[in-house]
2 protein chains.
Amino acid sequence: MQLDRIVNFHKTIGDKTRIRIISLLKEGPLHGQAIAGKLGLKPPTISHHLTKLKQIDIVYQRRDKNTIYFYLNKDKLERMALEITRIGGNEMSEKFEITDGEKVKVIRNFIDGNGKLKSLPAQRKKKLILLEYMLRGLEHGKTYNEKEINEHIQQYHQDFATIRREFVMAHFMYRQDGIYELNPVEMWPV
Amino acid sequence: MQLDRIVNFHKTIGDKTRIRIISLLKEGPLHGQAIAGKLGLKPPTISHHLTKLKQIDIVYQRRDKNTIYFYLNKDKLERMALEITRIGGNEMSEKFEITDGEKVKVIRNFIDGNGKLKSLPAQRKKKLILLEYMLRGLEHGKTYNEKEINEHIQQYHQDFATIRREFVMAHFMYRQDGIYELNPVEMWPV
DNA sequence: GCGCTAATTAGATTATAATCTAATTAGATA
DNA sequence: TATCTAATTAGATTATAATCTAATTAGCGC
């Protein structure tokens with residue numbers, strides 16, 4: 001749910017230690033012990049906070065020999081921070097809940113009893129309904145590598161390459177350096 | 001402290017109920033019972049959350065007859081949300097802590113034993129040091145009415161009008177509709 | 001002043017989470 | 001394989017805070 005993601009982001013940021021970590025990483029990557037040292041806390045504590053920061057995807061890590069360096073994802077931080085200003089008005093419209101009569105009909109026609117996609121409709125409008133349907137479970141703001149996207153699509157159809165391409169072409173998601181992410185709903189096709 | 005304000009903002013926002021309240025108020029003001037009804041919670045609970053939202057200044061209230069309407073301060077919300085993206089790098093430089101040798105000397109020369117300002121230096125550079133010194137205790141992001149500003153200045157000097165004008169002219173703070181607020185540090189004079 | 005309505009405060013309960021020590025895991029190097 | 005270092009996990013302790021009921025306060029209208 002969209003709401004939970006925003007709540008979780010702020011809950012995570014709303015901690016002195018974690019903001020201090022963010023502040024440190026803003027200057028450049030650091031390894032765990034270094035952070036612990038600078039903040040006067042024990043390594044397990046830092047580990048604890050870093051996993052939380054990784055969960056919301058604003059910190060990522062890269063290993064070099066024995067030590068793991070932690071990086072701040074500044075772009076993501078900025079995008080997430082702004083989301084609170086964009087939420088609501090009409091009480092959190094759940095884009096993924098397809099209850100609209102027409103849509104339900106189209107989906108019933110093209111999804112079989114096992115939840116698999118029979119075929120992708122040629123008609124643009126119907127195709128978009130199916131594509132949107134198959135996005136369920138993917139989260140806004142989260143990043144996925146190609147393998148994850150493929151696996152997700154295979155729930156519905158074995159030809160993940162085609163459908164993945166359709167996702168991008170229809171602007172449901174975008175790709176950069178092999179990393180996929182959902183586009184904001186404003187960019188989705190009508 | 002600057003850090004605490006940011007932590008507190010996110011700690012406050014990082015709660016599902018409070019975000020739902022923000023989402024509701026985005027469409028327009030509501031009174032307490034209405035919020036309680038829409039969210040399926042008891043009035044005391046709403047009261048509890050509203051005081052928190054008022055504390056960080058993103059909700060304010062206006063009474064009409066017997067009922068109090070709560071308003072969302074959208075501008076403030078947006079400004080606060082962005083602050084996290086601007087913090088740090090060099091570990092939270094405390095602009096109010098004047099330890100720099102030259103500054104200390106100037107301050108000793110113009111502040112008497114009781115902490116009062118003897119006179120405002122004519123020399124621009126020295127004047128700025130004193131003005132900045134007299135900002136201590138005012139918080140970034142908080143709004144003050146003229147009376148509060150005057151009282152603050154009177155700690156240092158009886159002629160609050162002159163000093164208040166200097167604050168604004170030097171871009172330490174700005175005034176809008178009789179409300180004063182500190183400018184972001186980037187706007188402060190060198 | 002009296003009663004009405006809406007809001008807040010007090011106090012208890014329960015859930016969440018920050019931090020630590022001790023034990024364990026993961027990788028690298030020799 | 002044995003050993004070293006850095007990171008994580010487990011588990012306990014302690015602090016914080018969300019929510020409720022019951023009691024209280026604040027302001028309006030009669």
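All heavy atoms count here, side chains included; hydrogens, waters and symmetry mates do not. The sequence lines fix the lettering, A, B, ..., with proteins before strands; numbering per chain opens at 1.
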Work out which heavy atom in A/Leu3 is nearest to a heavy atom in B/Arg20; give both atom names and the distance. CD1-CG, 3.7 Å
NA contact type, A/His48, heavy-atom cut-off 4.0 Å: base, sugar-phosphate, or nothing? base
B/Ile13 CD1 to D/dA18 C1': how many Å, rounded? 16 Å
Pairwise 5' ranking along DNA chain D for A/Asn66 and A/Leu50, keeping only the more 5' one: A/Asn66
Could you tell me the separation between the CG atom of A/Leu39 and the C1' atom of C/dA18, rounded to a whole number of Å? 14 Å
Output yes when B/Lys11 and A/Asp15 qualify as a salt bridge under the 4.0 Å nitrogen-oxygen rule, no when they do not. no
Can you see if the side chain of B/Thr17 gets near the phosphate of D/dA18 - specifically, an N or O under 4.0 Å from OP1 or OP2? no
Phosphate-side-chain proximity, B/Thr45 and D/dT19, N/O vs OP1/OP2 below 4.0 Å: no
Taking only side-chain N and O atoms of B/Gln33, does any of them lie within less than 4.0 angstrom of OP1 or OP2 on C/dT5? no
Atom-to-atom span, NZ of B/Lys11 to P of C/dA17 - whole angstrom: 11 Å
Between C/dA7, D/dA7, D/dC20, which nucleotide gets closest to the side-chain atoms of B/Lys42? D/dC20
Expressed as a whole number of angstroms, how long is the span from B/His49:NE2 to C/dA7:C1'? 15 Å
Quick one: which of C/dT8, D/dA18, D/dA7 gets closest to the side chain of B/Asp15? D/dA18
When rounded to whole Å, the CD to P distance for the pair B/Gln55 and D/dA17 reads 11 Å
Sugar-phosphate only, base, or nothing, as touched by B/Leu41 at under 4.0 Å among non-hydrogen atoms: sugar-phosphate
Whole angstrom value for the distance that separates C1' of C/dT8 from NZ of B/Lys52: 15 Å
Any side-chain N or O of A/Lys65 less than 4.0 Å from the OP1 or OP2 oxygen of D/dC4? no
When you check the phosphate oxygens OP1 and OP2 of C/dT8, does a side-chain N or O of B/Lys54 lie under 4.0 Å from one of them? yes
Is any side-chain nitrogen or oxygen of B/Arg63 closer than 4.0 Å to OP1 or OP2 of C/dA6? no
With side chain to side chain contact (heavy atoms under 4.5 Å, CB included) as the criterion, how do A/Arg79 and A/Asp75 come out once you've worked through the C-alpha distance, each side chain's angles and the decisive distance to 0.1 Å? CA-CA 6 Å; A/Arg79 265 179 289 136; A/Asp75 286 359; 3.9 Å; yes
Roughly, in whole Å, what's the span from CD1 in A/Ile46 to C1' in D/dT9? 16 Å
Shortest non-hydrogen contact from B/Arg86 to A/Lys26? N-NZ, 3.8 Å
Applying a 4.0 Å non-hydrogen cut-off, can you work out what B/Thr67 is touching in the nucleic acid: base, sugar-phosphate, or nothing? sugar-phosphate
Please state whether the rings of A/Phe167 and A/Phe172 are parallel, tilted or perpendicular, taking 30° and 60° as the class boundaries. perpendicular
What's the CG-C1' distance between B/Asp64 and D/dG29, to the nearest Å? 14 Å
